[in-house]
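Down below is the structure, laid out as structure tokens.
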Amino acid sequence: MGRRGRLSESGPRARLSTYPVPPVKGPVRTCVGCRGRDQRSALLRLVLDSSMHGDSVAGARRIIVDVRACLPGRGAWVHPEPRCLELAERRRAVPRALRVDGPLDLGEVRAHLGQ
């Protein structure tokens, strides 16, 4: 028996992946609040307001909800629930996801979730 025969008998074999397959197809994002994974369409995208040339009240940068998820720049994804936004604030996850320093004004996001 040649070398090739021995390798084919004891060599590595293709295995099925042990990772769970998402039940739905399409883009998947992670909520910065609860760290749960969900479809992109089920989450809200938060971005820095680039239309403001200066900072808003008290030097905080304003965060807006990107409803169509097409505004330029980095985005942070969050479930449309106040609980997830509170978790994200407590963990300081939104500035970390957007890669910015300093305070952020999430008033518009809270107003959007209150509707």
Side-chain angles (χ1 to χ4, degrees):
M1 179 166 17
R3 180 179 176 161
R4 185 175 205 135
R6 281 184 296 174
L7 289 177
S8 65
E9 293 171 4
S10 62
R13 290 177 173 70
R15 297 180 187 172
L16 295 176
S17 175
T18 58
Y19 295 105
V21 177
V24 290
K25 299 219 181 231
V28 176
R29 301 290 184 261
T30 302
C31 173
V32 295
C34 68
R35 302 295 298 158
R37 294 175 55 116
D38 209 341
Q39 270 195 303
R40 176 182 159 171
S41 60
L43 299 169
L44 291 176
R45 183 172 185 253
L46 310 178
V47 295
L48 284 172
D49 187 7
S50 62
S51 66
M52 295 181 54
H53 296 289
D55 291 339
S56 63
V57 179
R61 295 171 134 184
R62 192 168 73 147
I63 301 294
I64 59 173
V65 177
D66 184 6
V67 178
R68 294 183 351 179
C70 64
L71 291 175
R74 292 192 65 84
W77 297 84
V78 67
H79 283 112
E81 300 173 7
R83 181 182 63 90
C84 285
L85 184 62
E86 291 170 11
L87 281 170
E89 283 183 286
R90 189 175 343 138
R91 294 177 53 236
R92 297 184 194 102
V94 177
R96 191 169 43 247
L98 297 176
R99 296 184 182 169
V100 295
D101 293 327
L104 299 177
D105 178 19
L106 294 169
E108 188 171 325
V109 179
R110 283 190 205 91
H112 182 83
L113 293 180
Q115 293 177 352

Shared hydrophobic cluster for Val100 and Ile64 (ILVMFWY, side-chain gaps under 4.5 Å) |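 Different clusters.
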Single-linkage hydrophobic cluster Leu113~Val65, side-chain heavy atoms < 4.5 angstrom =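 In one cluster: yes.
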For Pro72, enumerate each residue passing the side-chain contact (heavy atoms from CB on, under 4.5 Å) test, keeping only those at least two apart in sequence or located in another chain.
->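 Testing Pro72 for side-chain contact (heavy atoms from CB on, under 4.5 Å), a comparison that skips the adjacent residues, returns none.
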Before giving the answer on side-chain contact (heavy atoms from CB on, under 4.5 Å), spell out for Leu43 and Thr30 the whole-Å C-alpha distance, their side-chain angles and the decisive distance to 0.1 Å.
-> CA-CA 9 Å; Leu43 299 169; Thr30 302; over 6 Å; no
Residues in side-chain hydrogen bond (donor to acceptor under 3.5 Å, both in side chains) with Arg45, at least two apart?
->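 If we apply the side-chain hydrogen bond (donor to acceptor under 3.5 Å, both in side chains) test to Arg45, skipping adjacent residues, the hits are Asp66.
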Return a table of donor-acceptor pairs under 3.5 angstrom between the side chains of residues 74-88 and protein atoms on other chains or two or more places apart.
from: Arg74; atom 1: NE; to: Ala97; atom 2: O; distance (Å): 3.2
from: His79; atom 1: NE2; to: Asp38; atom 2: OD2; distance (Å): 3.2

With Arg96, which residues qualify under salt bridge (Lys or Arg N to Asp or Glu O under 4.0 Å), at least two apart?
->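 If we apply the salt bridge (Lys or Arg N to Asp or Glu O under 4.0 Å) test to Arg96, skipping adjacent residues, there are no hits.
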Short side-chain to backbone donor-acceptor contact, Arg61 and Asp105, under 3.5 Å =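 Not at all, since once roles are kept as given, no pair shorter than 3.5 Å links the two residues.
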Please check if the side chain of Arg37 supplies one atom and the backbone of Cys31 the other of a donor-acceptor pair under 3.5 Å.
->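 Such a contact is absent between Arg37 side chain and Cys31 backbone.
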After noting the C-alpha distance and the side-chain angles of Val47 and Ile63, does the key distance pass the side-chain contact (heavy atoms from CB on, under 4.5 Å) rule?
-> CA-CA 6 Å; Val47 295; Ile63 301 294; over 6 Å; no
Heavy-atom closest contact (Arg29 atom, Pro27 atom, distance) |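 Answer, listing the atom of Arg29 first, then Pro27: NH1-CB, 3.8 Å.
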Considering residues, nucleotides and ligands other than Arg92, do more than 12 of their heavy atoms fall under 6.0 Å from its CZ?
->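 Check fails, neighbour count at 12 or below.
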Determine, step by step, whether Glu89 and Val94 satisfy the side-chain contact (heavy atoms from CB on, under 4.5 Å) criterion, reporting the C-alpha distance in whole Å, the side-chain angles of both residues, the deciding distance to 0.1 Å, and the verdict.
-> CA-CA 7 Å; Glu89 283 183 286; Val94 177; 5.9 Å; no
